[in-house]
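The model shown is predicted, which means the values in this text are computed figures rather than measured ones. Just so we're on the same page: letters track the sequence lines, and every chain starts at 1. Just so it is clear, the values below take in all heavy atoms, side chains as well, and ignore hydrogens, waters and symmetry mates.
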Amino acid sequence: MAKEITTRGDNYSQWYLDLVNKADLAENSAVRGCMVIKPYGYAIWEKMQAQLDKMFKETGHVNAYFPLFIPKSFFSREAAHVEGFAKECAVVTHYRLKNDPDGKGVVVDPEAKLEEELIIRPTSETIIWNTYRNWIQSHRDLPILINQWANVVRWEMRTRLFLRTAEFLWQEGHTAHATREEAVEETLKIINLYADFAEKFMGIPVIKGIKSENERFAGAVETYCIEGLMQDGKALQCGTSHFLGQNFAKAFDVMFSNREGVLEHVWATSWGVSTRLMGALVMAHSDDNGLVLPPNLAPIQVVIVPIYKNKEELDRVSAVADQIIPQLKARGISVKYDDNDNKKPGWKFAEYELKGVPVRLAMGPRDLEKGTVEVARRDTLTKEVLPVEGIDEVIEKLLADIQENIFRKATAFRDENIRKADTWEEFKTLLTEKGGFISAHWDGTPETEARIKEETKATIRCIPLDAEPEEGLCIYSGQPSAQRVLFAIAY
RNA sequence: CGGGGUGUGGCGCAGUUGGUAGCGCGCGUCGUUCGGGACGACGAGGCCGCUGGUUCAAGUCCAGUCACCCCGACCA
């Protein structure tokens with residue numbers, strides 16, 4: 001029977017979990033808070049990785065790899081950084097097990113206690129800056145533009161597949177520069193790169209902005225972010241790029257001699273996106289029938305389902321498919337011909353819809369007679385019958401159209417869900433009745449932000465980069481404010 | 001860390017006043033089907049989360065324990 005999916009209207013978070021499970025993206029593992037990313041889900045992540053990796057390299061970055069373990073003492077070097085991460089660190093204290101003297105399996109060998117405990121990286125700034133110290137002496141060693149693809153661990157109390165897991169995959173860029181200007185430029189370059197990626201590849205419109213002090217990365221001078229809006233009206237931080245100033249250079253004593261031979265501290269940035277983007281992808285586009293994947297990230301862009309009564313009919317359909325498939329592949333389109341005889345066409349239709357395959361072609365005896373094929377698109381759930389002749393070109397255009405349509409739809413939704421509030425009452429009403437982003441004046445103090453969060457659960461998602469200056473009064477305190485910021489309930 | 005819930009074939013579940021475990025899906029074989037999740041016949045598959053207790057007898061009652069999920073507080 002059908003794989004039942006909870007509808008978005010019934011229970012949005014259950015709908016999300018159903019999709020992740022039933023579309024074979026990921027499942028919970030035997031380890032609390034950690035997920036198993038299944039092949040179909042991982043294939044999407046690999047597409048994200050490939051594209052981002054290409055974009056990083058095009059902007060002059062190179063990949064490297066730093067260790068999973070970080071000596072505990074490194075962590076205490078940068079005060080704000082420790083404070084931010086200390087509460088959620090996994091710690092390695094021993095390096096050996098031994099047979100349980102009582103004969104029940106194995107126990108930690110108390111003899112094997114580490115001199116210095118190791119932290120499992122929640123992020124790698126400390127180990128990296130400790131390493132950069134040895135790499136940097138002169139301005140000629142700069143800039144260093146390194147990215148690493150890695151896993152990190154943050155011991156979260158409450159987890160959700162992809163959106164927040166104890167272990168997750170990500171990339172983290174760590175760059176070192178001779179000047180403040182250059183580091184700031186790098187920070188901005190990356191946030192723009194992330195926004196491009198989110199919009200052009202994931203089809204998710206994002207708002208670029210700066211984090212308030214409360215939301216800033218622990219150890220950063222300034223945190224830039226891209227914020228997306230999910231279909232339930234909650235915001236999701238999709239990526240961050242940090243200007244770290246000289247904080248880590250000072251903590252790890254990383255200095256270079258400039259052109260005048262004077263020693264200066266190095267300027268730094270760090271930036272990352274994670275498997276959380278998988279969650280964003282699901283929640284931004286999908287519907288009650290299953291996933292809706294943008295063609296640019298779909299592991300299978302086109303599926304061909306043959307319809308036949310017997311071997312002879314299948315052979316005839318396959319002969320036509322054999323003509324179409326190479327034409328599609330020649331255009332760089334990934335295609336799957338599903339001639340699995342164990343499943344009926346109807347079953348396959350439902351299954352590929354659940355998995356978000358952008359385009360489905362169905363071909364049967366009726367098509368053979370007329371030289372046609374049925375083309376169904378996932379985003380609109382519409383079908384039309386078209387000539388096989390020239391279908392490759394049609395599909396190439398169709399995929400581009402689907403990519404664009406998905407983005408347009410998400411953009412319209414996002415734009416409809418940014419609302420201005422000018423009074424506290426209006427703010428609260430909009431938040432509970434509509435959700436989405438609320439654009440409002442704020443006095444700029446962490447105290448006010450904290451109070452608003454306490455009373456409404458909404459946080460400042462960002463101060464948009466493109467915000468127009470506008471005199472106003474803080475929605476909460478009534479103090480003067482120079483521009484609006486975006487509030488939302490966030491994941 | 002609080003509050004709630006669930007542990008029974010691969011998955012989803014039922015199992016009444018205790019009496020020796022069943023249904024759907026899936027799986028295997030065969031046949032008929034095949035343009036929106038097909039049908040029939042036969043078949044395989046279970047230490048009822050774990051430990052202890054009560055009892056002639058425990059999936060069921062009692063105590064303990066572990067795990068996971070959902071909802072909050074903290075966070076990308």
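- Within the structure, every side-chain polar atom (N or O) of A/N310 is placed at least 4.0 Å from both OP1 and OP2 of B/rC34.
- Comparing A/L163 and A/R366 by the nucleotide of RNA chain B whose heavy atom lies nearest to each, the residue mapping closer to the 5' end is A/R366.
- Rounded to the nearest 0.5 Å, atoms CZ (A/R8) and OG (A/S13) are 14.0 Å apart.
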**Message:** Show, in sequence, the C-alpha distance, side-chain angles and deciding distance for A/W15 and A/Q231, and conclude whether the side-chain contact (heavy atoms from CB on, under 4.5 Å) test is met.
**Reply:** CA-CA 12 Å; A/W15 164 81; A/Q231 293 181 59; 4.1 Å; yes
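- Using a cut-off of 4.0 Å between Lys/Arg side-chain N and Asp/Glu carboxylate O, A/E227 and A/K211 are scored as salt-bridged.
- Spacing between B/rU20 and B/rG15 at atom C1', rounded to whole Å, works out to 13 Å.
- Minimum atom distance to the side chain of A/E351 is reached by B/rG37, of the listed B/rA76, B/rG37, B/rC34.
- Residue contacts for A/T165: at a heavy-atom cut-off of 4.0 Å it reaches a base atom on one of the strands shown.
- Comparing the same atom, C1', in B/rG4 and in B/rG43 gives a spacing of 42 Å after rounding to whole Å.
- Taking atom P on both nucleotides, B/rU16 is separated from B/rC61 by 8 Å, rounded to a whole Å.
- Contacts of A/F168 with the nucleic acid, taken as non-hydrogen atoms under 4.0 Å apart, include base atoms.
- At the heavy-atom level, A/R160 lies nowhere under 4.0 Å from the strands shown.
- Using a 4.0 Å heavy-atom distance criterion, A/K453 is classed as a sugar-phosphate-only contact.
- In summary, A/E353 and A/R378 do not engage in a salt bridge, as defined by a charged side-chain N under 4.0 Å from a carboxylate O.
- Here B/rG7 sits opposite B/rC66 as a Watson-Crick or G-U wobble pair (both hydrogen-bonding atom distances under 3.5 Å).
- Contacts of A/D367 with the nucleic acid, taken as non-hydrogen atoms under 4.0 Å apart, include base atoms.
- The distance from atom CG of A/L354 to atom C1' of B/rG37 is 11 Å, rounded to the nearest whole Å.
- Within 3.5 Å, no donor on the side chain of A/K309 pairs with an acceptor on the base of B/rG35, nor the reverse.
- Taking every side-chain heavy atom of A/R360 into account, B/rG36 is the closest of B/rA76, B/rG36, B/rU33.
- Partner of A/W271 under the ring pair (Phe, Tyr, Trp, His ring centres under 6.0 Å) criterion, chosen from A/F56, A/F197, A/Y224: A/F56.
- Using a 4.0 Å heavy-atom distance criterion, A/L17 is classed as a sugar-phosphate-only contact.
- The C1' atoms of B/rC62 and B/rG22 are separated by 26 Å, rounded to the nearest whole Å.
- Under the Watson-Crick and G-U wobble criteria, each requiring two contacts below 3.5 Å, nucleotide B/rU29 is paired to B/rA41.
- As judged by a 4.0 angstrom heavy-atom cut-off over every strand, A/E353 is placed among the base-contacting residues.
- Counting to the nearest Å, the P atom of B/rG5 and the CD atom of A/Q14 are 17 Å from each other.
- Within 6.0 Å of CH2 on A/W149 lie more than 12 heavy atoms contributed by other residues, nucleotides or ligands.
- Side chain of A/P365, nearest nucleotide from B/rC69, B/rG35, B/rG36: B/rG35.
- Here B/rG59 sits opposite no nucleotide as a Watson-Crick or G-U wobble pair (both hydrogen-bonding atom distances under 3.5 Å).
- Within the 4.0 angstrom heavy-atom criterion, no nucleotide atom of any strand lies near A/K348.
- Residue contacts for A/E374: at a heavy-atom cut-off of 4.0 Å it reaches a base atom on one of the strands shown.
- As a whole-Å value, the separation of A/I307 CD1 from B/rG36 C1' is 9 Å.
- Residue contacts for A/R32: at a heavy-atom cut-off of 4.0 Å it reaches the sugar-phosphate backbone alone, with no base atom in range.
- Across all strands shown, B/rG22 forms a Watson-Crick or G-U wobble pair with B/rC13, both key distances being under 3.5 Å.
- A gap of 29 Å separates the C1' atoms of B/rG72 and B/rC13, to the nearest Å.
- Between A/K87 atom NZ and B/rC1 atom C1' there is a gap of 14 Å when expressed in whole angstrom units.
- At the heavy-atom level, A/E156 lies under 4.0 Å from base atoms of the strands shown.
- Annotation: B/rC39 and B/rG2 have their P atoms spaced 49 Å apart (nearest Å).
- Within the 4.5 Å cutoff, the side chain of A/V152 has heavy atoms near those of the A/E172 side chain.
- Judged by Watson-Crick or G-U wobble contacts below 3.5 Å, the nucleotide B/rG46 has no partner.
- When atom types are taken as modelled, the side chain of A/E351 and the backbone of A/W347 share no donor-acceptor pair closer than 3.5 angstrom.
- Distance NZ (A/K344) to C1' (B/rG35): 14 Å, rounded to an integer number of Å.
- Comparing B/rG35 with B/rC48, their C1' atoms are spaced 45 Å from each other, to the whole Å.
- Put simply, CG on A/N28 is 14 Å from P on B/rC11, counting in whole angstrom units.
- The distance from atom CG of A/L277 to atom P of B/rA76 is 15 Å, rounded to the nearest whole Å.
- Taking atom C1' in both B/rA58 and B/rG49, one finds a spacing of 16 Å when rounded to whole Å.
- Pairing for B/rC1 goes to B/rG72, judged as Watson-Crick or G-U wobble with the two contacts each under 3.5 Å.
- No hydrogens or angles considered: nothing links the side chains of A/Y16 and A/N11 as a donor-acceptor pair under 3.5 Å.
- For A/Y12 and B/rC70, the OH to C1' distance is 18 Å, given to the nearest whole Å.
- Both A/M157 and A/Y308 sit near RNA chain B, but only A/Y308 has its closest nucleotide nearer the 5' end.
- Within the structure, a side-chain polar atom (N or O) of A/R158 is placed less than 4.0 Å from OP1 or OP2 of B/rG72.
- Within 4.0 Å of A/S13, counting heavy atoms only, lie sugar-phosphate atoms of the nucleic acid but no base atom.
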